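A short worksheet on the structure shown next.
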Amino acid sequence: MTRIVAGEAKGRVLKVPARGTRPTSERVREALFSRLDAMNMCDGVAVLDLYAGSGALAFEALSRGAARADMVDSSRQAARAMSTNAAMMGYEDRTRIHTLDALAFVQSGRVSSPVDLVFVDPPYDLAQNALAAVLAGLAAHLSPDALVIVERSTRSQAPDLPDGLVCEDHRHWGETAAWFIGRADRVES
């Protein structure tokens, strides 16, 4: 069962696609959002959730005060689950759901720029070069203070970052690792 951890929708149970997704555990979302709340990275932000699955990360951000969220997943089943979840929580006017490959989306011109908070939670077996291409395509759409969070298995290597992006921090919880990535010009200032 996947449910919202905190905020206005706390406790709401999300519909999860029957197959093909690996929802971020409640424990990991709680730790991740505790950190984001401490950084004031939820209130009023524009969110992009790539490889969204049920949309749990984007919906958690919306519950905690994000202004809007774009959710992207290539699976039609995932898109239906996200649509159901948005309607159930009354977030239809704050969400846009895209049934598209993450790389195609960031290269398509459909990104509602600028984006403040990005979740990149691909299948653990996604090739390193495919992840690097998504991050490179994403870089042009980030706000000056944007934060990108890449979630992978603890057995995965650190993401290869394009010029202009730097890793600010790395955390792990159980089998899940997260890299906190920002724009180089923000980190240097």
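Just so you know, these numbers come straight off a predicted model, no measurement behind them.
At most 12 non-hydrogen atoms from other residues, nucleotides or ligands lie less than 6.0 angstrom from CD of E30. Within 6.0 Å of atom CG in D163, 12 or fewer heavy atoms from other residues, nucleotides or ligands are found, so the atom counts as exposed in its surroundings.
The salt bridge (charged side-chain N to carboxylate O under 4.0 Å, His left out) contacts involving residues 75-88 comprise nothing, where partners must be two or more places apart or lie in separate chains. Applying the salt bridge (charged side-chain N to carboxylate O under 4.0 Å, His left out) test to every pair with at least one member in residues 122-132, sequence neighbours left out, gives no pairs at all. Sorted by first and then second residue, the pairs that involve residues 150-184 and meet ring-ring contact (aromatic ring centres under 6.0 Å, His included), not counting sequence neighbours, are H170-W179. Legend: ring-ring contact (aromatic ring centres under 6.0 Å, His included) pairs involving residues 94-119, not counting sequence neighbours, sorted by first then second residue: F33-F119, H98-F105. Applying the side-chain hydrogen bond (donor to acceptor under 3.5 Å, both in side chains) test to pairs two or more places apart or on separate chains, those with a residue in residues 132-141 are S113-H141.
The minimum heavy-atom distance between I181 and P159, with the atom names listed, is CD1-CG, 4.4 Å. The minimum heavy-atom distance between L142 and V118, with the atom names listed, is CD2-CG2, 3.8 Å. Heavy atoms only, all atoms of each residue included: G53 and D73 are closest at N-OD2, 2.8 Å. Residue A56 comes nearest to T2 through the heavy atom pair CB-CG2, 4.0 Å, listed as atom of the first residue, atom of the second, then distance.
By the side-chain hydrogen bond (donor to acceptor under 3.5 Å, both in side chains) test, R12 pairs with no residue at all, sequence neighbours left out. Here R29 pairs with E60 under the side-chain hydrogen bond (donor to acceptor under 3.5 Å, both in side chains) rule; sequence neighbours left out. Applying the side-chain hydrogen bond (donor to acceptor under 3.5 Å, both in side chains) criterion to R110, with sequence neighbours excluded, gives no partner residue. Take E175 and apply the salt bridge (charged side-chain N to carboxylate O under 4.0 Å, His left out) test, not counting sequence neighbours, and it matches R155. For D116, the side-chain hydrogen bond (donor to acceptor under 3.5 Å, both in side chains) test picks out S143, with sequence neighbours left out. Checked against salt bridge (charged side-chain N to carboxylate O under 4.0 Å, His left out), E8 has the following partners two or more places apart in sequence or in another chain: R94.
The hydrophobic clustering, which links ILVMFWY residues whose side-chain heavy atoms are closer than 4.5 Å, places L36 and L48 apart. Note on L135 and I149: separate hydrophobic clusters, where clusters join Ile, Leu, Val, Met, Phe, Trp and Tyr whose side-chain heavy atoms are under 4.5 Å apart, directly or indirectly. The hydrophobic clustering, which links ILVMFWY residues whose side-chain heavy atoms are closer than 4.5 Å, places V166 and L131 apart. Placement of V150 and Y51 within a single hydrophobic cluster is found when ILVMFWY residues are connected by side-chain heavy-atom separations under 4.5 Å, directly or transitively. At a threshold of 4.5 Å between side-chain heavy atoms, the hydrophobic network of Ile, Leu, Val, Met, Phe, Trp and Tyr places L57 and L126 in two separate groups.
Interatomic distance, OG of S74 versus CG of L103, reported as 11.5 Å (0.5 Å rounding). Here CD of E92 is found 11.0 Å from CG of N85. Values are rounded to the nearest 0.5 Å. Separation of atoms CG (L117) and CE (M39) is listed at 9.0 Å; rounding is to 0.5 Å. Between the CG atom of L165 and the CZ atom of R183 there is a distance of 8.5 Å, given to the nearest 0.5 Å.
Taking the side chain as every heavy atom from C-beta outward, E151 and V120 never approach each other to under 4.5 Å. Side chains of P122 and L50 form no contact here, defined as non-hydrogen atoms less than 4.5 Å apart.
Its side chain within the 4.5 Å cluster rule, M88 clusters with I4, L14, F59, L62, M71, M82, M89, Y91, I97 among the Ile, Leu, Val, Met, Phe, Trp and Tyr residues.
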**OP:** Might you work through the side-chain contact (heavy atoms from CB on, under 4.5 Å) test for E168 and L147, ending with a clear yes or no?
**Re:** CA-CA 9 Å; E168 298 177 13; L147 183 64; 4.1 Å; yes
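One N or O on the side chain of S63 and one on the backbone of A6 form a donor-acceptor pair closer than 3.5 Å. A donor-acceptor pair under 3.5 Å links the side-chain atoms of R68 to the main chain of S112, judged by distance alone.
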